[in-house]
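We count residues from 1, following the sequence as given. None of these values were measured; they are calculated from a predicted model.
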Amino acid sequence: MKNSPLHQKHLDLQAKMADFGGWLMPIEYPGAGVLAEHSAVRERVGLFDVSHLGKASVKGEGALEFLNSMFTNDLTRIVDSKAQYTLLCNPDGGVIDDLIAYRNSDSDFFLIPNASNTTDVVLVLSESAPASITVTNLHEKFAVLALQGPRAVDVVKSLGINPTMDYMAFAHVTIAGCDVILCRTGYTGEHGYELVPSWKDASVVWDALVAAMKPFDGAICGLGARDTLRTEMGYPLHGHELSLEISPVQASAGWAIGWKKENFRGSQVLQSQREEGVVRTLKALKSNDRGIPRAGMAIKDSEGTEIGIVTSGTFSPSLKVGIALALIDPAYAIGDVVTIDVRGRQSSATISALPFMPSRVR
């Protein structure tokens, strides 16, 4: 089990810890808990340690063209100092990982994949890269901190930074004397930032952010709240809504595919799925009763026929009801009522539009 550079701080705060992709990370903190931490992000500001996320670099002549042949999205759509959500698929259209690509230049990219998939991403890219390009695993060279919520901009300003960048842009700034990559990205649906300091500077930057949050009644948050926040937004989590068995087309992530590109890994299969349709596609569910959906639960129609499966489910702290993301027969649409098998009890739910909460990322 690997540890974040902030591991001791979490232990000192008596955080509840759990395994996330081979990393021991905080789920929630005592005295607050998931519900309070979730509310802090929606209403004020919260700070997460997400240093378990991967980091990698791809450098060299032709890096742009190479990555564009590997990733689903089109990196030519963004300019330097911009980031893009994209996916790395296998030749069969299965998702090896979804990640954020940061473009420093057409020959220099910084990647943030998921924790457990970083080794696979680096391996696939390394094996496919031409001799002119170097792929480097930087997993334990940088930390990642997420500052999210409507007051996040005020926290950043209080540190002497003018955060006027657009959504999905990034800049190099100094916080508490440390070099930091400040990114207008996040996983909560709120206005926010992800900060990438060096591994050795993580503690100093964390302390500066914690102190800067206090006037705004900010909260240190665990990954439990991060999950409820992203589920309310319908954001996919690899291993749940995306996997080697669940393609971007099935996961309703076609917006992250550069369909006009001539070719990229898995493109032929994905194009076929787009044209011919898929057996199941990602939809959202809102409970009509007290049932709380959980991943793996079966979804049935009024006749009791299984039509899908829950990929992520939780109690929504914002809506005060159970919500879920699920792979369902595409014949079923928003407004249709279905049944979820909640441990043998039939719970009613309605197919709903995403996101469950308004997006305030911009």
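Taken to the nearest 0.5 Å, the CG atom of Asp341 stands 10.5 Å off from the CD1 atom of Ile299. Annotation: the span from Lys82 atom NZ to Cys183 atom SG amounts to 12.0 Å, rounded to 0.5 Å. Once rounded to the nearest 0.5 Å, the distance linking CG of Asp49 with OG of Ser51 reads 4.0 Å.
The environment of CD in Gln14 is sparse: at most 12 heavy-atom neighbours from other residues, nucleotides or ligands sit within 6.0 Å. A 6.0 Å sphere centred on CZ of Arg290 holds no more than 12 heavy atoms belonging to other residues, nucleotides or ligands. Open room surrounds CG on Asp179; 12 or fewer heavy atoms of other groups in view lie less than 6.0 Å from it.
Counting heavy atoms from C-beta outward, Thr339 and Gln346 have side chains that approach closer than 4.5 Å. Using a 4.5 Å heavy-atom cutoff, the side chains of Ile246 and Val95 are not in contact. The side-chain heavy atoms of Gln250 and Thr281, taken from C-beta on, include no pair separated by under 4.5 Å. Taking 4.5 Å as the limit, some side-chain heavy atom of Ser203 sits within range of a side-chain heavy atom of Leu6. Between Ser287 and Pro293, the closest side-chain pair of non-hydrogen atoms falls below 4.5 Å. Using a 4.5 Å heavy-atom threshold, the side chains of Phe66 and Pro130 count as touching.
A donor and an acceptor atom, one from each side chain of Thr311 and His240, are nowhere located under 3.5 Å apart. A donor atom on one side chain and an acceptor atom on the other are not found under 3.5 Å apart for Ser348 and Asp289. Between the side chains of Glu232 and Ser316, a donor-acceptor pair is found at a separation under 3.5 Å. Side-chain contact of Tyr85 with Asp98: a donor-acceptor pair under 3.5 Å is present, judged by distance alone. No side-chain donor-acceptor contact under 3.5 Å links Thr231 and Thr314. Between the side chains of Asn104 and Asp80, no donor N or O sits under 3.5 Å from an acceptor N or O. Counted by atom type alone, Ser198 and Asp201 present one or more donor-acceptor pairs between their side chains at under 3.5 Å.
With ring centers used as reference points, Trp206 lies under 6.0 Å from His10. For an aromatic pair to be called close, the ring centres must be under 6.0 Å apart, and Phe264 with Trp259 fails this. Here Phe142 and Phe110 bring their ring centres to under 6.0 angstrom of each other. The ring of Trp23 has its center no closer than 6.0 angstrom to the ring center of His7.
Proximity of a side-chain donor or acceptor of Arg103 to a complementary backbone N or O of Ile78 within less than 3.5 Å is detected. Between the Ser243 side chain and the Glu245 main chain, a donor and an acceptor come within less than 3.5 Å of each other.
Here the rule is side-chain hydrogen bond (donor to acceptor under 3.5 Å, both in side chains) with Glu190, and of Arg44, Gln148, Arg42 only Arg42 fits it. When Asn288, Asp301, Ile351 are each tested for a side-chain contact (heavy atoms from CB on, under 4.5 Å) with Val337, only one passes: Asn288.
Salt bridge annotation for Glu37-Arg226: absent, with no cationic side-chain nitrogen under 4.0 angstrom from a carboxylate oxygen. Checked for salt-bridge contact, Arg151 and Asp154 meet the test: a charged N lies under 4.0 Å from a carboxylate O. The existence of a salt bridge linking Lys300 and Glu306 is excluded, since no basic side-chain nitrogen approaches an acidic carboxylate oxygen closer than 4.0 Å. With respect to the salt-bridge test (charged N to carboxylate O, under 4.0 angstrom), the residues Glu241 and Arg230 qualify.
Using cut-offs of 30° and 60° for the angle between ring planes, the His52 and Phe20 rings count as perpendicular.
With a 6.0 Å cutoff to the six-membered ring centre and a 45° limit on the axis angle, Arg265 does not count as a cation-pi contact of Phe71.
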Practice item. Determine, stepwise, if the pair Val180 / His172 fulfils side-chain contact (heavy atoms from CB on, under 4.5 Å). Key: CA-CA 6 Å; Val180 176; His172 295 266; over 6 Å; no
